[in-house]
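Inspection log for the structure reproduced underneath, given as structure tokens.
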Amino acid sequence: MSQGSLLLKMELRSNPETLCVVRNALGELAQTLGFPEAECRAVVLAVDEALTNIIRHAYQGRTEQPIEASFRRIRVARDGAQKPALEIVLEDRGATVDREKLCGRKLEDVRPGGLGLHFIRESMDKVEFRRRWGRNQLRMVKLLHAAETRKEP
Amino acid sequence: MSQGSLLLKMELRSNPETLCVVRNALGELAQTLGFPEAECRAVVLAVDEALTNIIRHAYQGRTEQPIEASFRRIRVARDGAQKPALEIVLEDRGATVDREKLCGRKLEDVRPGGLGLHFIRESMDKVEFRRRWGRNQLRMVKLLHAAETRKEP
Amino acid sequence: MLQIAARHLEKITVFDVSGDIDLASSPELRKALLRELRELRMPRVVLNLKDVHYIDSSGVASLVEGLKASRDVGSRLVLFGLNSAVREVLQLSKLVKIFEITDSEEQAVAP
Amino acid sequence: MLQIAARHLEKITVFDVSGDIDLASSPELRKALLRELRELRMPRVVLNLKDVHYIDSSGVASLVEGLKASRDVGSRLVLFGLNSAVREVLQLSKLVKIFEITDSEEQAVAP
Ligand SMILES: Nc1ncnc2c1ncn2[C@@H]1O[C@H](COP(=O)(O)OP(=O)(O)O)[C@@H](O)[C@H]1O
Ligand SMILES: Nc1ncnc2c1ncn2[C@@H]1O[C@H](COP(=O)(O)OP(=O)(O)O)[C@@H](O)[C@H]1O
């Protein structure tokens with residue numbers, strides 16, 4: 001999982017005020033990597049939603065709990081080729097995720113809440129949860145489509 | 001040195017492209033802590049200059065070398081009272097800093113270069129270098145004057 | 001940091017919102033909306049989102065709560081000034097259609 | 001990310017610069033300045049800094065190099081559109097006085 005070259009690792013606390021700090025750093029990082037603007041916004045949204053879920057669900061709103069976010073440039077096999085991608089791994093030491101609840105809900109039902117996982121899945125190319133060494137690990141991957149096409153015509 | 005409550009820790013690489021990522025995160029963090037706009041800019045400038053020096057001097061321009069930045073909310077004794085402050089510690093594993101060179105130069109001399117340390121000292125309330133366990137440590141402190149006055153009238 | 005400034009027209013409250021609407025700030029928006037709709041029973045509440053450059057699902061949830069409150073009390077909640085970031089997120093939530101969204105403030109406060 | 005767009009008036013080059021000028025981007029600014037001044041011997045080079053929201057000591061160093069080049073070849077380097085962030089840093093460097101700084105583009109390109 002920790003292959004590829006590390007771009008940035010952040011050790012955070014489970015405070016809602018942390019979110020804007022991460023969004024700003026990540027927005028800039030994604031732009032630097034060559035993601036087009038709309039994809040930068042998508043990556044930022046996914047990470048914000050995932051951190052929001054960690055704060056609200058894994059830590060049940062408790063602040064000052066540790067969260068680790070690491071960002072790596074990796075290559076993934078797609079369509080018979082190796083494509084560059086951004087890998088983001090979020091780790092917390094909160095309650096074990098109830099996999100049943102992770103399926104999300106029907107959007108037709110107009111009510112507040114229940115949109116976060118949907119946003120994450122729509123924004124990223126790959127989303128995986130796992131429990132490991134007493135930690136929840138969320139791994140998300142976003143392919144660098146556009147940049148690839150631009151650089152290797 | 002690592003007292004106080006951790007706000008954020010970043011593990012970086014010595015690539016110039018990293019600077020804008022750190023600036024964005026820190027600008028937001030400083031604002032969240034209640035620093036007025038001009039002081040947010042000063043803190044961001046100091047950290048950018050210090051990282052620039054690490055990349056250029058400690059690592060002699062080599063990229064992909066590790067740098068750690070940690071940000072803590074601390075209290076420092078000032079004028080007989082305990083004042084809140086932001087403590088920033090930057091660590092690298094580069095060449096030992098030559099303390100002779102750290103004194104900076106006269107600004108009257110119009111030439112490019114030699115401004116970084118001056119900017120750092122002007123922007124922060126306290127600046128300390130030390131070598132420890134094979135690492136260079138730069139510790140900078142900025143007092144949260146304004147926020148203090150606002151919150152405890 | 002979210003800022004919400006209220007302007008009061010006759011039977012309409014316009015909230016000029018600026019900043020990011022996320023987990024940290026959405027409770028503030030929610031409170032402002034519910035107060036105006038449930039407590040003050042304002043017939044129309046208009047949200048100027050021109051200076052909102054980010055909204056996430058917790059922000060959308062606050063808007064949905066405002067919408068529900070407006071329906072409960074028979075008021076209207078109108079949004080205008082959505083930039084691409086906000087529009088994209090509402091589109092992603094499939095909720096663009098249920099909100100009353102106008103292009104300008106003029107239309108939002110029109111009789 | 002720094003962007004430098006050149007406009008050519010008669011005997012004047014105006015660079016519209018936007019983005020942050022730091023260790024990553026200042027070499028680009030330096031190159032553009034030295035090419036225009038040393039190689040092309042442009043009598044006046046004007047930097048529009050309106051959309052520069054950040055500059056650090058490496059950016060200031062590039063400006064100083066440009067200034068030196070302009071003095072060497074007898075050209076003028078003129079800056080305008082400095083916002084508070086850029087102005088503060090130049091002030092901190094004690095170099096505001098050595099640069100030719102105008103309030104508007106009109107003044108910067110005036111005969
Ligand atoms: N990091 C997490 N840890 C534990 N449970 C989670 C986590 N993320 C999501 N969940 C569960 O999945 C459900 C759906 O999440 P989501 O779609 O983000 O909507 P919401 O958070 O508004 O309920 C949550 O209500 C929660 O039960
Ligand atoms: N992190 C560092 N590691 C090693 N040497 C340093 C470091 N920071 C500064 N120096 C030394 O101090 C000198 C002055 O630094 P500075 O004022 O930033 O100007 P400049 O970097 O443009 O020379 C540098 O030239 C270098 O010799």
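Only a predicted model underlies this, so the values are computations on that prediction, with no experimental measurement involved. Sequence lines set the chain letters: A, B, ... in the order given, protein chains first and strands last, and positions in each chain run from 1. Below, all heavy atoms of this structure are taken into account, side chains as well, without hydrogens, waters or symmetry copies.
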Can you tell me how far SG of B:Cys20 sits from CD of A:Gln31, rounded to the nearest 0.5 angstrom? 7.5 Å

Just how far is it from atom OG1 of B:Thr18 to atom CG of A:Leu7, taken to the nearest 0.5 Å? 8.0 Å

Mark yes when over 12 heavy atoms from residues, nucleotides or ligands other than B:Arg13 sit less than 6.0 Å from its CZ; otherwise mark no. yes

Should the heavy atoms of other residues, nucleotides or ligands under 6.0 Å from CD of A:Gln60 be counted, would the total exceed 12? yes

Residues B:Glu17 and A:Thr32: closest non-hydrogen pair is CB-CG2, 3.6 Å

Can you tell me how far CZ of B:Arg23 sits from CG of A:Asn24, rounded to the nearest 0.5 angstrom? 12.5 Å

Supply the atom-to-atom distance A:Leu8 CG to B:Asn15 CG, rounded to the nearest 0.5 angstrom. 11.0 Å

Of the options B:Glu68, B:Glu11, B:Met10, which is the one that meets A:Lys9 in a side chain to side chain contact (heavy atoms under 4.5 Å, CB included)? B:Glu11

